[in-house]
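What you see is a predicted model, and the numbers here were worked out from it, not measured in a lab. Naming convention: chains lettered A, B, ... in sequence-line order (proteins, then strands); numbering from 1 in each chain.
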Amino acid sequence: MDRWTDGPARRILTAGVLTGALLFTACRREERRFRELPPSTTPTTVRVSALQPGTMVDTMHVANPYENNAYAQTEGQRLYNAYGCVGCHANGGGGMGPALMDDKWIYGSAPENIYTTIIQGRPNGMPSFAGRIPSYQVWQIVTYVRSLSGLTPAGSRSARTDDMMMYDGSQALPKHVAPKQSFRPPASEMP
Amino acid sequence: MLQVNQSVLHAAGPRAASTEHLWWFAFIVAAVVYVLTVGALFWAIASARRREREGELRPEHAHDRMTSGVGAGIAASVVILLVFLGYDLSVARTRDPVPKQHPVTIEITGRQWFWDVTYADTSPHGRFTTANEIHIPVGQPVLFLLSSSDVIHSMWVPNLAGKKDLIPGYTQSLWFQADTPGVYRGQCAEFCGEQHAKMAMEIVAQPLTEYRRWVASQSGPGAPPADSVTKRGQEVFLTGTCAMCHSIGGTPAGSHVGPDLSHLASRRTIAAGSLPNTRGNLAGWIIDPQRIKPGAKMPPNMLEPKDLDALLTYLQSLK
């Protein structure tokens with residue numbers, strides 16, 4: 001009895017349980033939720049510019065439910081191609097639309113900013129996808145778009161992609177500094 | 001459920017017939033070998049007991065008998081395996097080459113998890129796209145050009161031919177001919193993801209006149225809405241999420257992510273052979289596809305009951 005309550009056996013047992021518990025910490029990375037309920041909140045007030053009329057209202061922050069989920073990110077990549085994002089933004093390098101794998105963000109890089117950009121559309125060509133893409137899929141696309149410039153945790157990034165890669169095992173160079181929040185006004189409003 | 005044929009032992013065409021002969025040959029040879037082996041074992045036991053009783057069994061002869069017995073066994077196995085190999089090669093040599101005359105060419109793209117089917121034609125207006133249900137004329141060789149847009153799939157219609165893999169970025173060819181009219185079920189035979197099991201196809205072999213009539217009905221655009229309900233249904237389809245992935249000929253919906261729905265109502269099944277094509281099944285599939293086929297690429301759709309009803313009426317009018 002004493003063998004199991006104290007002494008080296010107990011220490012080994014504790015170490016074993018803790019090591020075993022470590023194995024489960026990564027489970028959420030691979031979680032696949034097929035019957036998805038949309039997040040209860042959708043961002044309504046999102047600041048996309050340094051200028052704002054009236055009283056200052058701060059952005060309503062919404063946690064992206066998929067930020068750490070590898071499956072959602074690869075689904076995001078699939079949907080990014082399926083819904084035609086790739087037609088203007090290429091595989092992140094940009095073309096007709098701005099590049100997504102750099103650190104320039106006209107309307108902000110936070111998940112809620114990208115979400116509203118997709119839903120509302122933006123001047124000079126970005127169409128509104130409201131009512132066209134289910135909310136949970138928009139969040140998956142947001143996750144993928146953020147991963148292009150290394151804003152999502154490296155641990156949840158896909159090990160392999162069929163598209164342009166900066167180096168093996170990643171979709172973009174890792175970013176050790178926080179991305180610049182460039183709140184430039186839209187190009188059309190530039191002098 | 002729909003009753004259809006899916007069996008290697010009920011060949012409906014020359015390719016499957018040669019496979020069936022090969023199967024029966026292998027079965028009969030294996031059965032004979034089994035009976036002979038078991039018979040020899042019992043004979044050996046009986047004879048050894050008899051000779052032991054009569055005092056004839058001497059251990060110094062055992063080694064010689066063992067050597068000759070094992071030698072004979074190996075020789076017989078090699079001969080039988082060579083015969084199998086020769087027969088197999090001869091079947092492959094005579095049946096694999098595509099016949100010079102193949103009036104129908106069908107391009108199939110494997111997708112997670114359905115079969116995208118395009119009937120090739122020399123003129124662009126003769127081409128048309130459908131999904132999962134392939135009609136072929138009886139008594140004519142049909143050429144299939146197989147490819148995949150995501151992972152490796154494999155086309156297998158046991159009543160008509162053997163398996164052939166669909167490989168991304170590479171076109172494989174397969175041909176077969178149906179001699180008996182009927183509906184033959186095919187199945188993806190290479191594990192391709194969560195819904196591999198629900199990736200089925202149906203080959204409908206029919207006489208040439210019926211086949212021509214079917215081709216004529218599939219070639220045109222989808223039926224335009226005739227009344228206010230179908231008009232509303234088309235509006236729901238085009239302004240909602242449906243049009244992001246599906247296409248209907250003659251409408252602005254032209255996306256090729258999901259199956260083409262131009263003539264959905266003419267098909268026997270929905271969701272790649274998962275369910276019979278009825279109004280109720282279609283409604284359940286549109287509202288919550290993940291309940292029926294978890295992992296399928298189609299998202300759940302929150303539709304107002306009135307809109308769903310109109311959409312169903314519209315989809316069922318697409319004959």
Quiz item: By number, which residues in residues 305-319 of chain B have some heavy atom less than 4.5 Å away from chain A?
Solution: none
Practice problem: Against chain A, label B:Asp150 side chain, backbone, both or neither, depending on which of its atoms sit under 4.5 Å from a heavy atom there. | Solution: neither
Quiz item: How would you list, in number order, the residues of residues 228-242 of chain B that have a heavy atom less than 4.5 Å from chain A?
Solution: B:Leu238, B:Thr239, B:Gly240, B:Thr241
Quiz item: Between B:Lys297 and A:Gln137, which heavy-atom pair has the shortest distance, and what is it?
Solution: O-NE2, 4.4 Å
Quiz item: Taking everything shown except B:Arg291 itself, do over 12 heavy atoms lie less than 6.0 Å from its CZ?
Solution: no
